[in-house]
4 protein chains.
Amino acid sequence: MSSDKLQVGIIGAGRIGRVHAESLAFRIPEANIVSITDLNRKAAEEVAARCGIKEIAESSEAVFADPRVDAVVICSSTDTHAGLIAQAAKAGKHIFCEKSIARSLREIDCALAAVAKAGVKLQIGFNRRFDPNFARVRHAVTSGEIGKPSLMHIISRDPGPPPLSYILVSGGMFVDMTIHDFDMARFLIGDEVEEIYAVGDVHVDPEIGNAGDIDTAVIILRFKNGVIGTIDNSRRAAYGYDQRVEILGSSGKIETDNCYPNAVTISTGSAVQRDLPLNFFMDRYKDSFAAELRAFVTAVLEGTPTLVNGLDGRIPVQMALAARKSHEERRPVRLDEVTA
Amino acid sequence: MSSDKLQVGIIGAGRIGRVHAESLAFRIPEANIVSITDLNRKAAEEVAARCGIKEIAESSEAVFADPRVDAVVICSSTDTHAGLIAQAAKAGKHIFCEKSIARSLREIDCALAAVAKAGVKLQIGFNRRFDPNFARVRHAVTSGEIGKPSLMHIISRDPGPPPLSYILVSGGMFVDMTIHDFDMARFLIGDEVEEIYAVGDVHVDPEIGNAGDIDTAVIILRFKNGVIGTIDNSRRAAYGYDQRVEILGSSGKIETDNCYPNAVTISTGSAVQRDLPLNFFMDRYKDSFAAELRAFVTAVLEGTPTLVNGLDGRIPVQMALAARKSHEERRPVRLDEVTA
Amino acid sequence: MSSDKLQVGIIGAGRIGRVHAESLAFRIPEANIVSITDLNRKAAEEVAARCGIKEIAESSEAVFADPRVDAVVICSSTDTHAGLIAQAAKAGKHIFCEKSIARSLREIDCALAAVAKAGVKLQIGFNRRFDPNFARVRHAVTSGEIGKPSLMHIISRDPGPPPLSYILVSGGMFVDMTIHDFDMARFLIGDEVEEIYAVGDVHVDPEIGNAGDIDTAVIILRFKNGVIGTIDNSRRAAYGYDQRVEILGSSGKIETDNCYPNAVTISTGSAVQRDLPLNFFMDRYKDSFAAELRAFVTAVLEGTPTLVNGLDGRIPVQMALAARKSHEERRPVRLDEVTA
Amino acid sequence: MSSDKLQVGIIGAGRIGRVHAESLAFRIPEANIVSITDLNRKAAEEVAARCGIKEIAESSEAVFADPRVDAVVICSSTDTHAGLIAQAAKAGKHIFCEKSIARSLREIDCALAAVAKAGVKLQIGFNRRFDPNFARVRHAVTSGEIGKPSLMHIISRDPGPPPLSYILVSGGMFVDMTIHDFDMARFLIGDEVEEIYAVGDVHVDPEIGNAGDIDTAVIILRFKNGVIGTIDNSRRAAYGYDQRVEILGSSGKIETDNCYPNAVTISTGSAVQRDLPLNFFMDRYKDSFAAELRAFVTAVLEGTPTLVNGLDGRIPVQMALAARKSHEERRPVRLDEVTA
């Protein structure tokens with residue numbers, strides 16, 4: 001390590017880049033930001049000003065070439081991830097990269113090969129694993145609080161659909177949205193899925209259907225260990241961001257509710273009610289973004305494995321492709337049918 | 001016992017008389033209703049028809065004189081209770097009597113003396129003790145689940161005030177409404193109160209104030225064992241009947257919520273909500289009315305003590321009188337200041 | 001009608017026969033029980049004594065032949081239902097029959113043809129429709145409280161598996177247990193399912209697997225109107241009887257929780273906890289058994305259609321057969337593939 | 001203002017001083033910390049290192065004399081507050097001071113006179129007003145969501161008592177602990193209390209009684225507008241930090257629950273349970289500490305009144321003294337009986 005603090009370069013100063021910069025600057029004393037870069041230099045300057053970052057790098061290449069930099073945080077657009085991972089690996093930098101690595105297994109495998117060859121650490125940004133609710137559920141499974149799992153449900157509904165322009169290039173709902181839930185399923189159960197059956201439809205907006213995508217889906221997962229899981233997705237929940245899981249085990253069940261802005265209940269002549277759950281993923285998962293980066297910094301500084309590695313980035317993409325195939329062919333699809 | 005079933009006569013065929021008749025007829029196989037009487041013969045006839053009671057008695061005297069009758073259930077107006085108890089006792093009948101025995105300690109003491117002399121059983125209709133929620137709380141206290149109690153709260157709010165005509169003759173809120181909560185306090189803690197401080201005001205309806213009563217109050221109870229309790233009363237809760245208790249003990253707390261018509265939650269774009277709690281005491285306490293009568297029937301048939309005896313009927317009246325005195329004199333009042 | 005009360009004969013005095021007899025005797029004044037019969041005469045006598053039924057009929061034939069009887073309540077074993085329905089219909093009796101009508105569509109169609117020919121009323125015992133929780137959910141759907149439905153989940157887990165002897169003859173989990181959930185799905189959404197995909201496994205007891213059945217399953221339902229539903233079944237939930245549903249609509253969601261014996265919460269040094277949900281279906285659904293019979297009595301007396309008719313009894317069996325086929329063939333199965 | 005950022009000096013580097021330093025350093029970009037001082041220089045150095053504060057001041061006098069400093073944050077021990085406020089005011093510094101200002105009204109009045117004379121801003125550290133739960137309750141009252149308030153309850157129980165050494169000098173439970181609740185009562189109702197009745201006892205630890213204090217109390221507050229309030233205090237709740245309020249109004253009620261580390265529920269064969277509420281005030285009120293300082297910084301920078309002013313610091317002390325007097329004399333005490 002070039003100092004006792006981890007020296008970090010940030011690539012990408014958009015919404016999530018800014019979140020990670022703030023975490024590194026204000027909440028993780030063990031890290032120091034050397035520089036930040038963005039195609040939009042003004043965006044990089046704004047984040048730098050806010051977070052006290054002293055240097056705006058000209059390009060990602062400049063960051064990779066900087067000998068002071070130990071590790072990079074890649075927050076650029078998804079289509080650049082795989083290439084940047086490979087470059088960073090060649091430069092010997094440890095890598096934290098936002099999900100997804102890429103939308104094809106071929107690209108992912110190239111990137112992971114570069115990482116393996118360089119021997120650097122890679123962590124993928126599946127932040128929800130670091131949410132205290134899901135972490136608590138996972139803990140219950142590993143500690144045996146509910147016995148041996150048999151059934152799992154994930155409910156994951158967005159407050160509203162993304163712009164159509166995004167849907168047209170995102171690879172579809174399974175790839176851009178369910179990807180988080182595929183990761184969550186593997187994380188919670190601690191085992192691999194071998195077969196997927198996906199049913200989807202258009203309920204939210206016919207324009208999404210016209211664009212060739214779906215906005216509502218249920219996916220059945222068969223795990224190797226026999227657990228049967230479902231994922232429930234909708235692009236729009238009128239009441240806000242809905243993120244819940246439940247697991248049935250041989251000695252009990254565990255479930256987690258949504259997060260609310262307060263714990264207040266109001267009873268009037270018409271109903272007993274509370275305010276809507278947190279509506280925006282950056283509010284709901286605020287602490288998990290800092291926690292995942294803290295884990296990355298610790299893993300690099302202490303030389304331990306990262307908690308979300310390259311394979312953890314690859315498999316959810318494979319699952320998404322299998323779900324898409326299942327939906328198109330209206331039959332269950334084995335994961336090993338999707339090879340590239 | 002004149003048969004293997006308890007032979008019961010019912011005095012009073014009003015709202016609560018009908019409830020008790022239905023419990024005895026349909027839910028307590030160990031009892032048989034011999035006859036029913038009411039000043040309003042038509043009311044008695046209607047209940048008799050509904051519940052399959054074969055005989056309308058001409059008067060309470062006729063019920064007491066009937067050698068087939070083992071026990072009487074007194075559901076007439078409060079001002080008649082003490083006299084009827086004394087008569088029933090003289091006739092050797094066991095007695096279930098609705099609360100309150102009377103509004104003065106002198107009358108109560110006369111009635112209880114008659115009961116003691118006759119050696120009959122007496123149970124007072126504090127039905128809430130038999131509600132599964134409060135019974136569960138009491139059980140937690142006696143079983144030590146929360147350790148030694150130190151603080152207790154009772155919230156007891158009606159959905160709306162009774163008619164002014166009733167308020168004018170009821171003896172006031174402490175006597176007609178809080179009486180149930182005074183009983184509940186003693187029941188939950190299992191100890192006696194030695195001092196009461198009551199604060200009351202008019203928030204619901206100025207006409208109640210004009211009638212010389214209050215409609216909103218908080219009462220502090222100091223128990224002999226050191227527990228400090230409060231009772232919160234309102235004649236009107238806009239959201240319905242509100243009946244909750246909470247006890248803090250040395251190793252935990254226990255609290256009970258209201259009862260709802262269903263367990264359904266609806267989330268829309270404006271709120272997360274559920275339907276209002278059960279609004280009517282006959283819905284909320286439906287099962288407890290049957291349970292108290294079943295306990296009375298069992299006590300008589302098996303020769304065991306009743307669970308709510310004459311003293312349990314007397315002390316809450318004494319507490320109500322102490323609360324009224326405290327409110328009038330704006331000072332804490334010891335229970336032993338109220339002697340008759 | 002032979003009187004102003006509905007005159008009823010009961011066939012079968014087992015567990016559910018006794019429940020229906022008690023409802024008719026004590027909770028439905030508009031009905032009168034003429035007689036009861038059971039192959040085990042002693043069982044019939046016990047129920048008769050408890051419920052004040054004056055006559056023990058020698059056989060179901062005797063009940064059907066009794067001119068005083070307007071309607072019969074069939075509570076015998078499932079394999080006798082279809083035959084008894086046909087006989088009762090021929091005798092001109094209105095019929096309330098426990099689910100399922102039969103385990104094959106052929107038998108069901110014979111029974112329904114006899115009912116149609118005789119022009120009598122038939123109601124099938126899907127009591128859960130009358131549970132206040134599910135009725136409230138259905139009401140929200142029909143009234144538009146949550147907009148147009150898109151996703152539906154049913155969780156239905158028993159506290160423990162039935163005896164293996166029962167599993168060997170029951171037709172399997174989809175037929176004996178999920179049948180209620182298939183009915184619930186149609187009831188809640190108010191539309192028909194066109195395709196089913198079922199995944200099942202053995203998690204509870206290997207002996208169930210040895211007997212050729214499963215004990216854990218997830219079923220995806222595609223409704224004609226585009227709604228996607230799931231059913232989650234387990235033969236054993238360690239924490240008790242688990243019966244919940246959730247529906248997502250275009251303007252909100254509705255969900256219902258389990259029912260508890262009390263509304264008490266206890267907080268100690270180790271956890272914030274409440275007692276387990278009601279564990280036994282007869283406790284959980286107590287009121288719904290009376291409500292369904294009351295609805296049947298009303299339908300006959302007032303000449304209105306029954307709320308759960310013959311087709312409502314047939315379709316869930318068809319769904320169960322489709323689910324079984326899907327599970328065996330590991331592919332989605334259209335309902336119209338199952339014809340007899 | 002000497003710059004566009006508020007230049008702050010911090011006096012006291014204990015537990016709460018560190019919290020405020022971190023808020024100013026990392027969460028309030030509009031403020032800059034010029035220096036910190038503490039009698040224990042090592043403590044000041046540690047906080048300075050953690051928060052990037054460049055200067056350790058020799059003394060509070062040095063801070064007051066520093067022309068760069070616009071405002072001071074006083075986090076020293078309670079007995080020094082009044083003197084430091086007066087000194088800071090004379091030096092023309094704006095003041096944020098931890099509660100309580102002092103334990104006697106005489107000292108408080110001296111400090112407030114100095115503030116008034118200097119024309120500087122003063123904010124008292126009643127952070128709970130900035131908690132999202134209590135802020136939501138207050139909002140419901142002011143916006144009329146529950147109509148006109150009539151009853152209010154505050155439950156405020158610590159997870160465990162402070163050291164006896166602290167109790168011996170703290171002025172007693174009413175002064176050191178209930179002070180927060182007296183402020184909360186005024187804040188929630190938006191009106192002044194005119195009479196207090198307090199009942200206290202020793203339930204937690206007899207040593208607290210031997211030290212002349214109580215550890216358990218209920219206090220009744222009569223507000224000028226007729227609202228009746230209670231405060232329930234215990235030095236020890238076995239299940240953790242318990243901070244709830246409830247208000248009944250003419251058109252409804254509002255209540256707020258405790259805060260939990262997660263939204264997870266676990267159901268096993270013995271109970272349905274969740275993890276204990278947040279146990280430590282710094283976890284429960286974490287965000288409110290930053291929010292109160294942010295409000296102070298804004299008030300100074302924008303020249304608006306502070307949200308918790310000198311009078312808001314004085315009245316709760318007067319209420320505490322009235323409660324103590326009531327407890328000692330066992331009678332209701334009017335606030336105007338406590339004058340110095």
Side-chain angles (χ1 to χ4, degrees), chain A residues 22-29 32 49-52 131-141 143-147 243-275 277-278 283-284 286-288 290, chain D residues 22-29 32 49-52 131-141 143-147 243-275 277-278 283-284 286-288 290:
Chain A
E22 289 179 354
S23 293
L24 289 167
F26 299 135
R27 301 178 68 176
I28 306 175
N32 177 57
R50 176 166 182 85
C51 299
D131 175 77
N133 299 295
F134 301 127
R136 181 68 182 83
V137 174
R138 173 61 184 152
H139 177 260
V141 172
S143 69
E145 274 179 281
I146 57 163
Q243 300 272 299
R244 290 169 289 150
V245 306
E246 170 172 341
I247 300 176
L248 175 69
S250 53
S251 60
K253 73 168 167 169
I254 184 163
E255 57 202 313
T256 181
D257 197 3
N258 286 311
C259 297
Y260 289 83
N262 59 57
V264 168
T265 303
I266 301 181
S267 303
T268 66
S270 54
V272 176
Q273 65 183 67
R274 59 181 306 182
D275 293 339
L278 293 174
D283 292 329
R284 163 66 190 259
K286 190 175 56 166
D287 289 338
S288 73
Chain D
E22 288 179 355
S23 292
L24 289 166
F26 299 135
R27 301 178 68 177
I28 306 176
N32 177 57
R50 176 165 182 85
C51 299
D131 175 78
N133 300 295
F134 300 127
R136 180 68 182 82
V137 173
R138 173 60 184 154
H139 177 261
V141 172
S143 69
E145 274 179 280
I146 57 163
Q243 300 272 298
R244 290 170 288 150
V245 306
E246 170 172 341
I247 299 177
L248 175 70
S250 53
S251 61
K253 73 168 166 168
I254 185 163
E255 56 202 313
T256 183
D257 197 2
N258 286 313
C259 296
Y260 289 82
N262 58 58
V264 168
T265 303
I266 301 180
S267 303
T268 67
S270 54
V272 175
Q273 65 183 70
R274 61 181 306 182
D275 293 340
L278 294 175
D283 292 330
R284 162 67 190 260
K286 188 176 58 165
D287 289 338
S288 74

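Naming: A, B, ... by sequence-line order, numbering from 1 per chain.
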If I measure from the heavy atoms of chain D, does [X] come under 4.5 Å with its side chain, its backbone, both, or neither?
{"X": "A/S267", "result": "both"}
{"X": "A/P261", "result": "backbone"}
{"X": "A/N258", "result": "backbone"}

Grab the two heavy atoms, one from A/V264 and one from D/N133, that are nearest each other, plus how far apart they are. CG2-O, 3.6 Å
Atom pair CD1 (D/I254) and CD (A/Q273), whose distance is rounded to the nearest 0.5 Å: 10.0 Å
Find the one option among A/F26, A/Y260, A/F134 whose heavy-atom pairs under 4.5 Å with chain D are most numerous. A/F26
Apply salt bridge (charged side-chain N to carboxylate O under 4.0 Å, His left out) to D/D257 and list each qualifying residue two or more places apart in sequence or on a separate chain. none
Sole residue of D/K253, D/E145, D/E255 in side-chain contact (heavy atoms from CB on, under 4.5 Å) with A/I266: D/E145
Pick one of side chain, backbone, both or neither for D/T265, based on which atoms fall under 4.5 Å of a heavy atom in chain A. both
For chain A, the option from D/I247, D/V137, D/V245, D/T256 that forms the most heavy-atom pairs under 4.5 Å: D/T256
